[in-house]
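First up is the structure itself, then whatever we jot down about it.
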Amino acid sequence: RVGGGACIILSMNLSLDFSQCRYLRQGYEEFARLMESVETPIVLLEGSRAAASGELQAMEQLAAQLMRAFPRMLARSGNAEGSDQAWARGVNSVAPGRLQLVLPVENYRGGAIAPGNQTLALEEARGDERLAANALSREHHWKTLRQGAQAYDGMPDYRKRYLERDALKVLGVKDYHGRPTIPTAALFYLAPGKPGGGGTGHTIRLCEARQVPFFLDDDWLQWLRDV
């Protein structure tokens, strides 16, 4: 196997392998249990930019249904084209004020930001929060057969910004009580054939590192009939 840490998602033939992921979960009942286990649950909604129209529609529909089913739940995403914006359209159709958008730069893809959305750009995070996002991304980044600092340090700063934004989505920022707002669970759409899962695979590795339960599309695509 290639990769490191508790969640190894790349086999020697470059296919995705989640067999070592301790925080991969399955089933709507398990998702509902997690959402009902805390006062204000947060679901991280993310996925690949490349997705078929039917899959994008499923994300939009499921997001809307989940926001109705769990009225205390907040949603968090990154506002990238494709999956992120499909999830966001579903959330915004029900409760735009309950959508948190964590952005690599201020007003990123501003045309897709709805009135009422909560936004946080990477440069607006506190210094210690940015350092934590940098450290988490650096430790768990994977590129071809390299990982960690060896894969991360040589990248241009603009690419690091996107990966650190992903880390901030997982870490959350401190609330007014000084507590980090880590997601309660995450739903991911992974485009097939992308080595290491791309940016979405990176975020999955970060969720595993921070013990955030996550669900994959082969599971949640079946939930629409259950919600």
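Side-chain atoms of R72 never come within 3.5 Å of backbone atoms of T40 as a donor-acceptor pair (strictly under, hydrogens ignored). Side chain of S77 to backbone of A88: no donor-acceptor contact under 3.5 angstrom is found. With hydrogens and angles disregarded, no donor-acceptor distance shorter than 3.5 Å links the side chain of T184 to the backbone of P41. A side-chain donor-acceptor contact under 3.5 Å links R98 to the backbone of M73. Remark: side-chain polar atoms of W87 are not paired, donor with acceptor, to backbone N or O of L56 under 3.5 angstrom. Judged by distance alone, the side chain of N92 and the main-chain N or O of A114 form no donor-acceptor pair under 3.5 Å. In this structure, E124 contributes its side chain and A121 its backbone to a donor-acceptor pair below 3.5 Å. Within the 3.5 Å criterion, the main-chain N or O of Y108 finds a donor-acceptor partner in the side chain of N79.
Annotation: side chain of D217 is in contact with side chain of L190 (closest heavy-atom distance under 4.5 Å). Taking 4.5 Å as the limit, some side-chain heavy atom of Q61 sits within range of a side-chain heavy atom of L224. Side-chain contact between V105 and L122 is absent, with no heavy atoms from C-beta onward closer than 4.5 Å. Using a 4.5 Å heavy-atom cutoff, the side chains of M155 and L163 are in contact. Counting only heavy atoms from C-beta outward, the side chains of C21 and F214 approach each other to under 4.5 Å. Looking at heavy atoms from C-beta onward, L103 lies out of side-chain contact with L120 at the 4.5 angstrom threshold. Using a 4.5 Å cut-off on side-chain heavy atoms (C-beta onward), L66 and V91 make no contact. Taking the side chain as every heavy atom from C-beta outward, Q118 and L99 never approach each other to under 4.5 Å.
There is no path of hydrophobic side-chain contacts, each under 4.5 Å, that joins L101 to V173. Residues I42 and L34 do not share a hydrophobic cluster, clusters being chains of Ile/Leu/Val/Met/Phe/Trp/Tyr side chains in contact below 4.5 Å. Taking hydrophobic clusters as Ile, Leu, Val, Met, Phe, Trp and Tyr residues chained together by side-chain heavy-atom distances below 4.5 Å, V38 does not share a cluster with V43. Clustering ILVMFWY residues whenever any of their side-chain heavy atoms sit less than 4.5 angstrom apart, transitively, puts M67 in the very cluster that holds L187. In terms of hydrophobic clustering, with Ile, Leu, Val, Met, Phe, Trp and Tyr side chains grouped at heavy-atom distances under 4.5 Å, I204 and L44 are assigned to a common cluster.
Between A50 and A191, the shortest heavy-atom contact is O-CB, 3.5 Å. Residues S93 and A64 come closest through the heavy atom pair OG-CB, 3.6 Å. For the residue pair A80 and R49, the shortest heavy atom distance occurs at CB-NH2, 3.6 Å. Across T200 and G47, no two heavy atoms sit closer than the pair OG1-C, 3.2 Å. Nearest heavy-atom pair across G199 and D166 is O-OD2, 3.9 Å. Across every non-hydrogen atom of W220 and F188, the tightest pair is NE1-O, 2.8 Å.
By the salt bridge (Lys or Arg N to Asp or Glu O under 4.0 Å) test, E60 pairs with R89, sequence neighbours left out.
Here the straight-line distance linking atom NZ of K174 with atom CZ of R126 works out to 5.0 Å at 0.5 Å rounding. For the atom pair Q211 CD and Y23 OH, the distance stands at 3.5 Å (nearest 0.5 Å). To the nearest 0.5 angstrom, L136 atom CG is 7.0 Å from H202 atom NE2. Considering CE of M35 and CG of L74, their distance stands at 10.5 Å, rounded to 0.5 Å. One finds the CZ atom of R205 at 10.0 Å from the OG atom of S137 (value rounded to the nearest 0.5 Å). The structure places CG of L171 at 11.0 Å from CD of E164, a figure rounded to the nearest 0.5 Å.
Between D84 and R109, no side-chain nitrogen of the basic residue sits less than 4.0 Å from a carboxylate oxygen of the acidic one, so the salt-bridge criterion is not met. Under the 4.0 Å criterion applied to side-chain N and carboxylate O atoms, R33 and E30 are assigned as salt-bridge partners.
Considering R165, R76, K169 in turn, K169 is the only one that fulfils the salt bridge (charged side-chain N to carboxylate O under 4.0 Å, His left out) rule with E46.
Aromatic ring orientation, Y28 versus F70: tilted (interplanar angle from 30° to 60°).
Side chain to side chain, Q26 and D219 fail the donor-acceptor criterion of an N or O pair below 3.5 Å.
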